[in-house]
Amino acid sequence: MLKIGITGGIGSGKSIVCRCFQLLDVPVYDSDARAKWVMHGDPELREGLISTFGPNTFDAQGNLDRPYLAQRVFHNQEELAKLNALVHPQVRKDFHRWLEAHAQAPYILKEAALMFESTAYTQVDHVLTVSAPVALRQKRTLARDPHRTAQDIDAIIHKQLPEEERLRRSQFVLYNDDRQLVLPQVIQLHQTFLGLASNSSHH
Ligand SMILES: CC(C)(COP(=O)(O)OP(=O)(O)OC[C@H]1O[C@@H](n2cnc3c(N)ncnc32)[C@H](O)[C@@H]1O)[C@@H](O)C(=O)NCCC(=O)NCCS
Ligand SMILES: Nc1ncnc2c1ncn2[C@@H]1O[C@H](COP(=O)(O)OP(=O)(O)OP(=O)(O)O)[C@@H](O)[C@H]1O
């Protein structure tokens, strides 16, 4: 089965683009949502998080306290590396299980903000980057996330790869820059991926 990774910086529009592909019946693995699900549900990982970040990592109801963890890790490289080392191996395993359940699809998308910063790119055949100018990404994220300041968003941007690097390492690009229409690009990419999938299944 063909596996396409989809990435992009914060606020680039990955989620919105993935929703378009879902409407075309393409299964989408949302790494971020699955990471949160695994952090919540895997008892061993839960223990690891509590011993690394303290009992405040989970609230009284047992839910992950995301603002607390965001405050701890997004302003501290070492803490972020510890979080990634705990979470990313479990997400890799979860992805393998998920793939088995979607073996019938011609191709799937794996959405990950950290495609190249983590090892996610090694689990896909090609990478599609959703690209938008950084000022537009900041504006969209501020509008979407009222709890984040412009400084919080800048800190996250600096923890991610620079846009040129991300583009250099991707095989496909979708421009979500308020100049080019998204849907025609999605449909064209869908045709391309179906073509690639049928080629690879003939070998
Ligand atoms: C630290 C957490 C709890 C903060 O949650 P919060 O709701 O405040 O932020 P959210 O998840 O919406 O992330 C905000 C943005 O930060 C970026 N981001 C998320 N995790 C990371 C990370 N580990 N490193 C760099 N950037 C990240 C993404 O672009 C995301 O859009 C959360 O981001 C988390 O659980 N991260 C670890 C899981 C992970 O690495 N996910 C990324 C894909 S596997
Ligand atoms: N072309 C567009 N026109 C208008 N609004 C858009 C467009 N693309 C994205 N947005 C809005 O910008 C915000 C960021 O988009 P989205 O959540 O899809 O980004 P993302 O890349 O998934 O971000 P993150 O890495 O933070 O998860 C959302 O509120 C979304 O609705």
Side-chain angles (χ1 to χ4, degrees), residues 5-22 28-42 45-46 48-49 52-53 56-59 63-95 98 109-121 123-124 128-149 152-163 166 174-186:
I6 174 164
T7 191
I10 183 170
S12 57
K14 290 179 295 300
S15 307
I16 235 175
V17 169
C18 283
R19 261 187 266 158
C20 300
F21 279 98
Q22 277 171 327
V28 177
Y29 182 88
D30 178 342
S31 302
D32 207 36
R34 296 292 284 210
K36 276 162 197 146
W37 183 76
V38 174
M39 286 160 96
H40 188 261
D42 183 319
L45 180 55
R46 236 183 137 87
L49 290 167
T52 309
F53 300 105
N56 292 344
T57 309
F58 293 91
D59 65 19
N63 295 314
L64 186 70
D65 188 339
R66 291 163 63 169
Y68 166 79
L69 208 50
Q71 216 47 49
R72 288 279 304 253
V73 302
F74 286 144
H75 295 281
N76 184 321
Q77 196 65 47
E78 269 174 43
E79 299 264 77
L80 182 62
K82 283 187 204 161
L83 178 66
N84 288 344
L86 284 166
V87 177
H88 292 172
Q90 300 307 322
V91 176
R92 285 176 71 85
K93 284 191 205 154
D94 180 63
F95 180 56
W98 182 92
L109 285 182
K110 179 180 207 250
E111 176 187 1
L114 306 174
M115 185 65 64
F116 302 111
E117 296 89 332
S118 74
T119 57
Y121 71 95
Q123 293 184 293
V124 296
L128 163 64
T129 285
V130 179
S131 182
V134 74
L136 184 58
R137 288 165 42 206
Q138 282 163 323
K139 194 177 101 184
R140 286 177 181 155
T141 309
L142 269 177
R144 185 195 58 188
D145 300 343
H147 61 290
R148 272 190 250 273
T149 64
D152 290 338
I153 296 167
D154 279 342
I156 293 175
I157 287 174
H158 285 104
K159 298 266 180 305
Q160 300 182 338
L161 273 192
E163 186 75 358
R166 200 160 27 230
L174 189 153
Y175 296 98
N176 184 21
D177 55 3
D178 277 357
R179 288 165 172 264
Q180 307 190 49
L181 289 174
V182 170
L183 283 175
Q185 297 182 78
V186 168

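Order of listing sets the numbers, starting from 1, for every ligand and every atom in it. Excluded from the calculations below are hydrogen atoms, water molecules and symmetry mates; all remaining heavy atoms, backbone and side chain alike, are included. Predicted, not measured: the structure shown is a model, and the values here were computed from it.
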Name of the residue among Val186, Val28, Val130 meeting side chain to side chain contact (heavy atoms under 4.5 Å, CB included) with Cys18 |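 Looking at Val186, Val28, Val130, the match for Cys18 under the side chain to side chain contact (heavy atoms under 4.5 Å, CB included) is Val28.
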
Among Arg72, Lys159, Glu117, which one satisfies side chain to side chain contact (heavy atoms under 4.5 Å, CB included) with Leu80?
->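 Result for side chain to side chain contact (heavy atoms under 4.5 Å, CB included) with Leu80: Lys159.
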
Among [options], whose heavy atom sits nearest [atom]?
atom                    : options                      : value
atom 2 (C) of ligand 2  : Asn176, Ile6, Leu142, Leu181 : Asn176
atom 10 (N) of ligand 2 : Gln180, Arg140, Arg144       : Arg140
atom 10 (P) of ligand 1 : His147, Lys36, Glu111, Gln71 : Lys36

Can you report which non-hydrogen protein atom sits closest to [atom], along with the distance?
atom                    : answer
atom 19 (O) of ligand 2 : Gly13 N, 3.1 Å
atom 40 (O) of ligand 1 : His88 NE2, 2.8 Å
atom 15 (C) of ligand 1 : Ile10 CD1, 3.7 Å
atom 25 (O) of ligand 2 : Lys14 NZ, 2.6 Å
atom 20 (N) of ligand 1 : Phe74 CZ, 3.9 Å
atom 38 (C) of ligand 1 : Ala35 CB, 3.9 Å
atom 29 (O) of ligand 1 : Gln160 NE2, 2.7 Å
atom 18 (O) of ligand 2 : Ile16 N, 3.1 Å
atom 37 (C) of ligand 1 : Leu83 CD2, 3.6 Å
atom 22 (O) of ligand 2 : Ser15 OG, 2.6 Å
atom 41 (N) of ligand 1 : Asp32 OD1, 2.9 Å
atom 22 (C) of ligand 1 : Leu114 CD1, 3.1 Å

Atom indices of ligand 1, in the order listed, that fall short of 4.0 Å to a heavy atom of [X]:
X      : result
Asn84  : 23 (N), 40 (O)
Ala70  : 4 (C), 8 (O)
Ala113 : 28 (C), 29 (O)
Leu80  : 22 (C), 23 (N), 24 (N)
Ile156 : 16 (O), 17 (C)

Salt bridge (charged side-chain N to carboxylate O under 4.0 Å, His left out): which pairs involve residues 174-183, sequence neighbours left out?
->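 Salt bridge (charged side-chain N to carboxylate O under 4.0 Å, His left out) check on residues 174-183 returns Arg140-Asp178.
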
At the 4.0 Å heavy-atom cut-off, does Arg148 count as touching ligand 1?
->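 Right, Arg148 reaches ligand 1.
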
Is the closest heavy-atom distance from Met39 to ligand 1 below 4.0 Å?
->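 For ligand 1, residue contact (heavy atoms, under 4.0 Å) with Met39 is present.
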
How long is the span from the [atom1] atom in [X] to the [atom2] atom in [Y], to the nearest 0.5 Å?
X      : Y      : atom1 : atom2 : value
Lys14  : Asn176 : NZ    : CG    : 10.5 Å
His147 : Thr149 : NE2   : OG1   : 10.0 Å
Gln185 : Leu174 : CD    : CG    : 4.0 Å
His158 : Ile153 : NE2   : CD1   : 13.0 Å
Lys36  : Asp30  : NZ    : CG    : 8.0 Å
Gln160 : Ile10  : CD    : CD1   : 6.0 Å

May I ask whether Gly9 has any heavy atom positioned less than 4.0 angstrom from an atom of ligand 2?
->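 A heavy atom of Gly9 does come that close to ligand 2.
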
Look only at interatomic distance and state if [X] has a nitrogen or oxygen under 3.5 Å from any nitrogen or oxygen of ligand 2.
X      : result
Val182 : no
Gly8   : no
Gly11  : yes

OH (Tyr68) with more than 12 external heavy atoms under 6.0 Å |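 More than 12 within 6.0 Å, yes.
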
Take atom CD in Glu78; do more than 12 heavy atoms of anything else shown fall under 6.0 Å from it?
->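 Counting neighbours around CD of Glu78, 12 or fewer heavy atoms of other residues, nucleotides or ligands fall under 6.0 Å, so no.
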
Which atom names give the shortest non-hydrogen contact between Thr119 and Arg92, and what distance separates them?
->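 Shortest heavy-atom separation between Thr119 and Arg92 comes out as OG1-NH1, 2.6 Å.
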
What are the two closest non-hydrogen atoms of Leu161 and Phe116, and how far apart are they?
->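 For Leu161 and Phe116, the tightest heavy-atom pair comes out as CD1-CB, 3.6 Å.
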
Is Arg46 close enough and on-axis enough to Phe58, meaning under 6.0 Å and within 45°, for cation-pi?
->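 Because its charged atom sits under 6.0 Å from the ring centre and within 45° of the axis, Arg46 does stack over Phe58.
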
Trace of the salt bridge (charged side-chain N to carboxylate O under 4.0 Å, His left out) decision for Arg19 with Glu111 | CA-CA 11 Å; Arg19 261 187 266 158; Glu111 176 187 1; over 6 Å; no

Is there a protein heavy atom at a distance of less than 4.0 Å from atom 4 (C) of ligand 2?
->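 It does not; no protein heavy atom is within 4.0 Å.
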
Quick one: does atom 2 (C) of ligand 1 have a protein heavy atom under 4.0 Å from it?
->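 Under the 4.0 Å cut-off, atom 2 (C) of ligand 1 has no protein heavy-atom neighbours at all.
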
Any donor-acceptor N/O pair, Thr52 side chain to Leu49 backbone, under 3.5 Å =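 Checked: no pair found.
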
